[in-house]
A.B. asks: 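Structure below; questions to follow.
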Amino acid sequence: MSTTEHVHDLGMPAANPIDAAIAASVATQGDKQTELKAKDFKTDQEVRWCPGCGDYVILNAVQSFLPSLGIAREDMVIVSGIGCSSRFPYYMNTYGMHSIHGRAPAIATGLAVSRPDLSVWVVTGDGDSLSIGGNHLIHALRRNVNITILLFNNRIYGLTKGQYSPTSEVGKVTKSTPMGSLDHPFNPVSLAIGAEATFVGRAMDSDRKGLTDVLRQAAEHEGTALVEIYQNCNIFNDGAFDLLKDPTTGTQWSIPLVHGEPLVFGPDGAACVVRDDFGGLRIAETNQVDAADIVVHDAHRQDSSYAYALSRLSSQDLRYTPMGVFRSVQKPTYDRMMSEQLDVAAAEGSADLDSILAGNDTWTVSA
Amino acid sequence: MTATDPAVSAGSSAPGGLVKSVVELDRVVIRLAGDSGDGMQLTGNRFTSETASFGNDLSTLPNFPAEIRAPTGTLPGVSSFQLHFADHDIMTPGDAPDVLVAMNPAALKANLADLPGGGLLILDADEFTARNLAKVGYATNPIEDGSLEGWQTVSVPLTSMTLEALADSGLGKKEAERSKNMFTLGLLSWMYHRPTEGTVRFLERQFRRKPDIAAANIAAFRAGYNYGETTEAFAVSYEIKPAPMAPGKYRNISGNQALSLGLVAAGQRSGLPIFLGAYPITPASDILHELSKHKSFGIRTFQAEDEIAGIASAIGASFGGALGITTTSGPGISLKSEALALAIMTELPLVVIDVQRGGPSTGLPTKTEQSDLLQAMFGRNGEAPLPVVAPRSPGDCFDAAIEATRIALTYRTPVILLSDGYLANGSEPWAVPNSADLPDLTGAVDFATEPNGEDGEFLPYLRDPETLARPWAIPGTAGMQHRIGGLEKADKTGNISYDPENHDFMTRTRQAKIDGIAASIGPTDVDDPDGDATVAVIGWGSTYGPIGAGVRRVRRSGRKVAQIHLRHLNPFPADLGEVLGRYERVVCPEMNLGQLALLLRAKYLVDVQSHTQVRGLPFRAAELAAVIQDVIDSTSGAELAADPTGGGE
């Protein structure tokens, strides 16, 4: 038999302490500041990436574009895992958590689900999100929790000093693969689309305009947004994306994705994307096809086959690289649906603690 | 049937002119055993509810295989439910049954050895077919070959009588047969004078969308009851008077139910929204199920993709100001180790429930054990202390959940609560508390809303001088933006620090914070009626019942023993070492190979005598009484005649 130690206190719990805390901070510090500048997002922490690292460029781009979103710094949380990219939160004057390897999407999920009022971001790398944290990434994507995931893909393990990663090309010679790596890489965009992602984009660290454009759309997307950012590791995998960055070859291989525009690329628009005979897409020479056959990009197609086919253009020739927003569709978000269930439950049943403590079957012993 | 002499009361007249006598007992242990598909757990739970509402004290022990449906009629498929009920306060589900109901030959074979000679054995004669006998290796039918002569055997055709009762129900044979457990429940309800309205209401509620099934089950239940009243096979029925209990409102409750309600209460009493991140695992899943029913309290339950995501999501929710909770069993704790250390490093409140089961690895998923204590204490990399608490009975899981929450919130730390399979599924009467009388936890929640630094900055690791807890500033609070993480933190600022002195300081500070919790838990609770015992028995968790029952027996024999049962395993009560030092001998029974004993010996240099078993089942009170007696007698040299191993509780 159990006994309950009774502590006599008839004080009732305050309303919601979370709301009370936020209200208190507004009372002492004034209304939420949403008119901010890039410098407002910087911290006093010395940035400790290697000189020349692509991460600097991405950090600057993020700090520069964030003010345009109109989100107060205190309403933003950046959660990261482990790896070079995961140092990101230390350099952002927002709330942040530099967590453990691969788990950032799960931590962010718990936060975003219980605090739908926040703007929750995940910063991760190819090893963090696709190797040790692969499970959390795909499940966050399929649930469509309202978080924005920035996946810095440098195709190498940097912080552990240069082993091949799940996105390294086959045959990669590294410290752990002196005769070349044997495993086939993930295409992060294909993986995300296969995992039912509602928003998938890709951008280049050095392309400030393109990167900002994709980031903005990702931030404004309601649901899980994944942005793969090609990021140069100048120490362990330098030049991985030079083909796409070079002014000459870049235009030849990059396929810009602009919603509503025909998929024409290359010098003088010499190349284009058309449908193949098997429901997929292929690259063609623009002057060899009927203009009507050139695919017009539609990022809002509910059926993900098209976006997936776009992501597979690289398999025709590894160098073909669509850049921009592959897919952006609306689906109810997990956090919103959970809030709705709570509202329904609250409307249908009272939250009477004494009633559930007693349950359905009680008996009374009288004195 | 029991230690006390049954008082036979005047016979009562039953329809048909049968005269039946009523025998009064002080306690009975009944074990229902059948195939996993026979509904023994449901039957046991219903009988328990009837018994609880009648007002007996009771304790239950469900025992079932991990397989949902092992092959029908085989030994691995046997599921059983033991219920001990009495007219007085009892502490265990009983060492051995007085009555065994075996629904098939497998159930008989698996359980007969536990039934003492002369015990009542009720068999479903219909199931003792050549095929079923062969399945479990009976060469001849035990009902007929005389091998059951040592028991009072009553063999009745439960299945065919059920079919007969449901002849007009319109159900097919297979479906009608399923109601034989309700027929059996009806018979037992008659035998032990149990109220029946609760079961009828339950069946109506349970099958409200299938009225024909509800009607068939109720008909079978009533037919079983009427059969008892009219048959010549059972000449005696039994009365076990209600147990005296403190005035108040009671319900029957299992450990998992009590734990769930304790968490709901902790959320309400702290004012915090609850977030539960969990992955299904036996025997903890019931808590996820129960909490997911209470969304009207603003409770968010998240069935995660794995154990790691379960705890990680809860940590995220705690960062946001929720009461983060994760529930699991031992294998899940293994997977959560790294995230637990993150919660220790980030110093966020988190309640971690480990409903222990037999290990290692997958072990014995449905059986009980206490073998995760050292894992809870030390199963992480680095110096990673965290508080550990344990409930002692099913109902006590409620209080333990509130206490775990109090510590987590006050000290900003993950707390592990160690329940186990026996507590989780076992049940007992529980005095329903008044919510207003529960501990007020609002004081433990004081979100930081203003900078605390001299220069107007926020220092996330500037500690409360008394509790050493760091401030809890939640996103959304302006001017308090900060970053936390798994890397070592600089004192006060929380910035990354690799400084040797700082790491040494922070490591010791984290330890001191946990050690300091002892100041909030009061002195060791010692049960030593005369205060002059020279032997103490110390335990933790679900062994409280068997140890307590063993102690009672020992004391009835005239011997003296002190009982200490720990709620707090880390930190221990501040005076525990001094208390243990008072006794010549200290015995520590555990369902592991001596984990608490190891901790006590290491910390206090006390020569603790460990007594252990890992059978997947609770200790028997008689066994513990014998162990304690041996220690007492070898300590004082006194010869005492009375045998403490017999008798009731």
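Sequence lines set the chain letters: A, B, ... in the order given, protein chains first and strands last, and positions in each chain run from 1.
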A.B. asks: For A/Ala108, which atoms come within 4.5 Å of any heavy atom of chain B: side chain, backbone, both, or neither?
C.D. replies: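 For A/Ala108, neither part sits under 4.5 Å from chain B.
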A.B. asks: If you define the side chain from C-beta out and look only at heavy atoms, does anything of B/Arg300 sit under 4.5 Å from A/Ser339?
C.D. replies: yes
A.B. asks: Hey, which of B/Ile402, B/Asp446, B/Asp306, B/Val264 has the most heavy atom pairs under 4.5 Å with chain A?
C.D. replies: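 The residue among B/Ile402, B/Asp446, B/Asp306, B/Val264 with the greatest pair count is B/Asp306.
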A.B. asks: Given a strict heavy-atom distance threshold of 4.5 Å, which part of A/Arg48 is in contact with chain B: side chain, backbone, both, or neither?
C.D. replies: side chain
A.B. asks: Would you confirm whether A/Arg115, through its side chain, and B/Gly320, through its main-chain N or O, come within 3.5 Å as a donor-acceptor pair?
C.D. replies: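 The answer is yes, because a donor-acceptor pair under 3.5 Å joins these two groups.
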A.B. asks: Would you indicate whether A/Tyr157, at its atom OH, is surrounded by more than 12 heavy atoms from other residues, nucleotides or ligands within a distance under 6.0 Å?
C.D. replies: yes
A.B. asks: I'd like to know if the side chain of B/Arg483 and the backbone of A/Thr94 have a donor-acceptor N/O pair within less than 3.5 Å.
C.D. replies: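 Yes: the side chain of B/Arg483 pairs with the backbone of A/Thr94.
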A.B. asks: Taking all non-hydrogen atoms of both residues into account, name the closest pair between A/Pro17 and B/Ser270 and its distance.
C.D. replies: CG-O, 4.2 Å
A.B. asks: Go through the atoms of B/Ala314 and report whether side chain, backbone, both or neither lie under 4.5 Å from a heavy atom of chain A.
C.D. replies: neither
A.B. asks: Checking heavy atoms, do the side chain of A/Ser80, its backbone, both or neither come under 4.5 Å from chain B?
C.D. replies: neither
A.B. asks: Relative to chain B, which of A/Arg103, A/His136, A/Gln29 shows the most heavy atom pairs under 4.5 Å?
C.D. replies: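 Between A/Arg103, A/His136, A/Gln29, the count favours A/His136.
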A.B. asks: Tell me, side chain or backbone of B/Ala339 under 4.5 Å from chain A's heavy atoms, or both, or neither?
C.D. replies: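 Backbone plus side chain of B/Ala339, per the 4.5 Å heavy-atom cut-off to chain A.
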A.B. asks: Rounded at 0.5 Å granularity, tell me how far NE2 in A/His139 sits from OG in B/Ser313.
C.D. replies: 13.0 Å
A.B. asks: For residues A/Arg87 and B/Ile496, report the shortest heavy-atom separation together with the two atoms involved.
C.D. replies: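 Shortest heavy-atom contact: NH1-CD1, 4.1 Å.
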A.B. asks: With a 4.5 angstrom heavy-atom cut-off, which part of A/Val77 approaches chain B: side chain, backbone, both or neither?
C.D. replies: side chain
A.B. asks: Do the side chains of A/Asn135 and B/Ile308 get nearer than 4.5 Å, heavy atoms only?
C.D. replies: no
A.B. asks: Please state whether the side chain, the backbone, both or neither of A/Asp117 comes within less than 4.5 Å of a heavy atom of chain B.
C.D. replies: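 The answer is neither part of A/Asp117.
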A.B. asks: Are the side chain of B/Lys295 and the backbone of A/Asp343 linked by a donor-acceptor contact shorter than 3.5 Å?
C.D. replies: no
A.B. asks: Quick check for you: to the nearest 0.5 Å, what is the distance between A/Leu353 atom CG and B/Gln268 atom CD?
C.D. replies: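 Interatomic distance, A/Leu353 CG to B/Gln268 CD, rounded to 0.5 Å: 5.5 Å.
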A.B. asks: Given heavy-atom pairs under 4.5 angstrom as the criterion, report whether the side chain, backbone, both or neither of B/Thr301 touches chain A.
C.D. replies: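 The backbone, not the side chain.
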A.B. asks: Taking atom CZ of B/Phe202 as the centre, report whether more than 12 heavy atoms of other residues, nucleotides or ligands fall under 6.0 Å from it.
C.D. replies: yes
A.B. asks: What option among A/Ile356, A/Thr43, A/Leu118, A/Asn93 has the most heavy-atom pairs under 4.5 Å with chain B?
C.D. replies: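 Winner by heavy-atom pair count: A/Ile356.
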A.B. asks: Would you indicate whether A/Arg336, at its atom CZ, is surrounded by more than 12 heavy atoms from other residues, nucleotides or ligands within a distance under 6.0 Å?
C.D. replies: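 Not buried by this count: 12 neighbours or fewer within 6.0 Å.
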A.B. asks: So which part of A/Met97 gets closer than 4.5 Å to some heavy atom of chain B, the side chain, the backbone, both or neither?
C.D. replies: both
A.B. asks: Of all the heavy-atom pairs spanning B/Gln303 and A/Arg143, show the shortest one and how long it is.
C.D. replies: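 B/Gln303 and A/Arg143 have their closest heavy atoms at O-NH2, 3.6 Å.
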A.B. asks: Between chain B and each of A/Ile22, A/Ile100, A/Thr109, count heavy-atom pairs under 4.5 Å; write down the option with the most.
C.D. replies: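 That would be A/Ile100.
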A.B. asks: Set out, in order, the CA-CA distance, both residues' side-chain angles and the distance that settles side-chain hydrogen bond (donor to acceptor under 3.5 Å, both in side chains) for B/Asn252 and A/Asp361, then state yes or no.
C.D. replies: CA-CA 8 Å; B/Asn252 186 52; A/Asp361 258 328; over 6 Å; no
A.B. asks: Give a yes or no on whether the backbone of A/Asn360 and the side-chain of B/Arg251 come within a donor-acceptor separation of less than 3.5 Å.
C.D. replies: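 Here the side-chain-to-backbone pair does not exist.
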A.B. asks: Please flag which part of B/Ala52 lies under 4.5 Å from any non-hydrogen atom of chain A: side chain, backbone, both or neither.
C.D. replies: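 Contact with chain A is through both the backbone and side chain of B/Ala52.
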A.B. asks: Can you see which heavy atom on B/Gly321 is nearest to which on A/Ile18, and at what distance?
C.D. replies: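 Closest heavy-atom pair between B/Gly321 and A/Ile18: O-CD1, 3.5 Å.
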A.B. asks: Chain A: which of B/Gly479, B/Ala317, B/Gly485 shares the most heavy-atom pairs with it under 4.5 Å?
C.D. replies: B/Ala317
A.B. asks: Contact part of B/Ile274 toward chain A, heavy-atom cut-off under 4.5 Å: side chain, backbone, both or neither?
C.D. replies: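 No part of B/Ile274 comes within 4.5 Å of chain A.
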A.B. asks: Against chain A, label B/Pro273 side chain, backbone, both or neither, depending on which of its atoms sit under 4.5 Å from a heavy atom there.
C.D. replies: side chain
A.B. asks: Which region of B/Arg392, side chain (C-beta onward) or backbone (N, CA, C, O), has a non-hydrogen atom less than 4.5 Å from a non-hydrogen atom of chain A, or is it both or neither?
C.D. replies: neither
A.B. asks: When you compare the side chain of B/Asn495 with that of A/Gln45, does any pair of heavy atoms fall below 4.5 Å?
C.D. replies: yes
A.B. asks: Output yes when a side-chain donor or acceptor of A/Tyr95 lies under 3.5 Å from a complementary backbone atom of B/Ile474, and no otherwise.
C.D. replies: yes
A.B. asks: Could you check which of A/Gly102, A/Gly96, A/Ser25 has the highest count of heavy-atom pairs closer than 4.5 Å to chain B?
C.D. replies: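 Most heavy-atom pairs under 4.5 Å with chain B: A/Gly96.
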A.B. asks: Measuring heavy-atom distances to chain B, does A/Met76 have an atom under 4.5 Å in its side chain, in its backbone, in both, or in neither?
C.D. replies: neither
A.B. asks: Please determine, among A/Leu357, A/Val120, A/Thr28, the option with the most heavy-atom pairs under 4.5 Å with chain B.
C.D. replies: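 Sorted descending by pairs with chain B, the first entry is A/Leu357.
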A.B. asks: Do the side chain of A/Glu74 and the main chain of B/Thr477 share a donor and acceptor less than 3.5 angstrom apart?
C.D. replies: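 Judged by distance alone, no pair lies under 3.5 Å.
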A.B. asks: Go through the atoms of B/Met480 and report whether side chain, backbone, both or neither lie under 4.5 Å from a heavy atom of chain A.
C.D. replies: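 Interface part for B/Met480: both.
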A.B. asks: Give the member of B/Gly476, B/Ala246, B/Gly548 that has the highest number of heavy-atom pairs under 4.5 Å with chain A.
C.D. replies: B/Gly476
A.B. asks: Would you indicate whether the side-chain heavy atoms of B/Phe302 and A/Ser114 approach each other to under 4.5 Å?
C.D. replies: no
A.B. asks: Is B/Ser296 reaching over with its side chain to a backbone N or O of A/Ala346, donor-acceptor style, under 3.5 angstrom?
C.D. replies: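 Not a single qualifying donor-acceptor pair exists.
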A.B. asks: Heavy-atom pairs under 4.5 Å with chain A are the metric here; pick the option from B/Ser53, B/Ala322, B/Gly248 that has the most.
C.D. replies: B/Gly248
A.B. asks: If you compare all heavy atoms of B/Lys249 against all heavy atoms of A/Ala358, which two are closest, and at what distance to 0.1 Å?
C.D. replies: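 Here B/Lys249 and A/Ala358 meet closest at NZ-CB, 4.0 Å.
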A.B. asks: Checking B/Ile253 against chain A: side chain, backbone, both or neither under 4.5 Å from a heavy atom?
C.D. replies: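 Neither part.
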A.B. asks: Do you know which two heavy atoms are closest between B/Leu342 and A/Ser99, and how far apart they sit?
C.D. replies: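 Of all heavy-atom pairs spanning B/Leu342 and A/Ser99, the closest is CD2-CB, 3.9 Å.
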A.B. asks: Top residue by heavy-atom pair count (under 4.5 Å) with chain A, among B/His294, B/Arg205, B/Lys293?
C.D. replies: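 Option with the greatest count: B/His294.
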A.B. asks: Please round to the nearest 0.5 Å and tell me the distance separating atom CD of B/Glu457 and atom CG of A/Asp44.
C.D. replies: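 Between B/Glu457 CD and A/Asp44 CG, I get 9.5 Å after rounding to 0.5 Å.
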